[in-house]
Undergrad: 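Starting off with a structure, shown below.
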Amino acid sequence: MTETEKQHDISTLTSGAMAPIWEWVEERIPPDTGIFDAHAHIGEDLDGRTMTADGMRERMKAAHVKKSIVFALNDPNALEDFSGPNDVVWRAHEEHPGFFVPFFRLNPHKEYEREFERCVERGFSGLKLHPVSQKFELDDERAVRLFEMAAKADLPVIIHAGFGMNRIVEALLPTIEGNPELRLILGHAAFVEILQAARVFADHPNVIFETSVARAAELYELFASFDPSRICFGSDIPYGDLPSTLYATLAAAEAAGIEKEHLRGILSENIRRWFP
Amino acid sequence: MASARTAHLLGIAANLNMATISLWGQSPRAAAILGMFEASIRWEGPGGSDEDLLERLRNLFEEAKKYHAREDFPAMMARLRVAYDLVSIRIIEVSGERSEASNDEVSR
């Protein structure tokens with residue numbers, strides 16, 4: 001099997017020992033839930049991972065996902081301003097109208113004003129920042145300025161708040177308090193500090209938690225302690241996948257006693273408040 | 001019994017977590033740590049209460065190994081992630097604080 005065939009063979013994620021898992025997941029998705037994946041990538045990464053727009057669409061169809069927020073990986077072709085990878089995401093959006101919500105990615109260490117303006121004018125729906133890949137702290141003044149620019153442009157920001165992170169809550173709080181209008185998606189549910197994030201951000205309604213590749217135990221902590229109307233599902237494709245991330249989210253939600261009406265919100269409606 | 005089961009399951013979870021992280025990081029010791037996880041699920045746990053879970057983990061792991069050999073990272077990692085979550089949910093259940101709403105055969 002070629003690498004391309006392997007990447008597109010999504011049956012491996014729902015067959016064999018995964019079949020009863022996937023059956024369990026499908027049984028628990030409330031009827032008529034148009035699943036919204038709030039975290040996925042298109043393009044290529046320095047580590048060799050890739051995902052195409054067509055590959056994303058195949059995965060979405062197979063897993064009943066109707067819409068996905070997509071943005072660039074840590075692309076080897078990012079150069080100074082991520083304009084090339086951002087163009088790849090925009091093309092995906094144009095070639096598959098209605099299925100992708102395009103976010104642009106920037107590097108706070110580099111000149112970013114022109115690319116920010118270009119992407120806002122073009123119609124991108126949000127901004128992605130990755131403190132680990134781009135090696136910055138969330139309270140770095142260049143990052144804070146980007147948060148402020150996004151708030152002013154009424155542009156939601158998704159931040160990587162997962163693998164490799166150390167400071168999330170303490171570093172973000174001054175920005176969130178200073179910019180209450182800023183709409184912020186905590187990617188990977190800030191899992192390293194999930195309980196403290198849930199406590200501290202409870203009174204900041206424009207902060208929502210996105211579940212991708214957080215483990216079921218961490219999501220259980222979140223579901224047991226936080227307003228479920230501010231939690232949304234994500235997959236982190238190509239690092240995560242839809243069957244296993246849906247399982248983690250649904251198993252944790254069920255263990256925490258989340259009601260079916262809230263499940264529909266977590267899988268779809270909560271994030272649609274920002275991206276109808 | 002609950003504490004013995006929890007201890008047993010925590011050991012399994014620890015080995016699986018190490019294996020998953022080492023695969024993520026492409027550690028040269030990943031295969032050895034996968035072997036540790038395999039050993040930890042080979043035999044019956046305290047009182048045999050978790051045999052259904054262990055059987056499920058063995059099945060997922062066998063397939064994960066197969067996909068690892070084929071260098072199919074997504075198929076392998078999906079199985080290891082689900083395995084970890086199955087163990088975690090069982091530990092939560094054994095702790096006695098899990099919601100009664102969930103009583104199905106997959107997550108138990």
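Naming convention: chains lettered A, B, ... in sequence-line order (proteins, then strands); numbering from 1 in each chain.
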Undergrad: Of all the heavy-atom pairs spanning B:R56 and A:I21, show the shortest one and how long it is.
TA: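 In terms of heavy atoms, the two residues are closest at NH1-CD1, 4.3 Å.
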Undergrad: Can you tell me if NZ on B:K66 sees more than 12 non-hydrogen neighbours from other groups inside 6.0 Å?
TA: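 Buried by this count: over 12 neighbours within 6.0 Å.
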Undergrad: With only heavy atoms counted, which part of B:R81 is less than 4.5 Å from chain A, the side chain, the backbone, both or neither?
TA: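 Only the side chain of B:R81 comes within 4.5 Å of chain A.
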Undergrad: Hey, is CD on A:E259 packed in by over 12 heavy atoms from elsewhere, all under 6.0 Å?
TA: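 12 or below, so no.
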Undergrad: Which atom names give the shortest non-hydrogen contact between A:D241 and B:P74, and what distance separates them?
TA: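 Shortest heavy-atom separation between A:D241 and B:P74 comes out as OD2-O, 4.3 Å.
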Undergrad: A:Y239 versus chain B, heavy atoms under 4.5 Å apart: side chain, backbone, both or neither?
TA: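 Both parts, backbone and side chain.
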Undergrad: Would you say B:D85's side chain and A:A216's backbone share a donor-acceptor pair under 3.5 angstrom?
TA: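 The answer is yes, because a donor-acceptor pair under 3.5 Å joins these two groups.
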Undergrad: Are side-chain heavy atoms of A:E254 and B:I89 found at a separation under 4.5 Å?
TA: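 Not in contact.
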Undergrad: Just checking A:D227: does its CG atom have more than 12 heavy atoms from other residues, nucleotides or ligands closer to it than 6.0 angstrom?
TA: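 Yes, because the 6.0 Å sphere around CG of A:D227 holds more than 12 heavy atoms from other groups.
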Undergrad: Within a 6.0 Å radius of atom CZ on B:R29, are there more than 12 heavy atoms belonging to other residues, nucleotides or ligands?
TA: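 Check fails, neighbour count at 12 or below.
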Undergrad: For B:E63 and A:M18, work out which heavy atoms get closest and say how close.
TA: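 Smallest heavy-atom distance, with atoms named: OE1-N, 4.2 Å.
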Undergrad: Taking all heavy atoms of A:S244 and all of B:A78, pick out the closest pair and write down the distance.
TA: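 Between these two residues, the closest heavy atoms are CB-O, 3.8 Å.
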Undergrad: Is B:I21 in contact with chain A via its backbone, its side chain, both, or neither, using a 4.5 Å heavy-atom distance?
TA: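 Just its side chain gets close to chain A.
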Undergrad: Measure the shortest side-chain to side-chain distance between A:D47 and B:Q26 over non-hydrogen atoms and say whether it is less than 4.5 angstrom.
TA: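 A side-chain contact is absent here, since even the closest heavy-atom pair is not under 4.5 Å.
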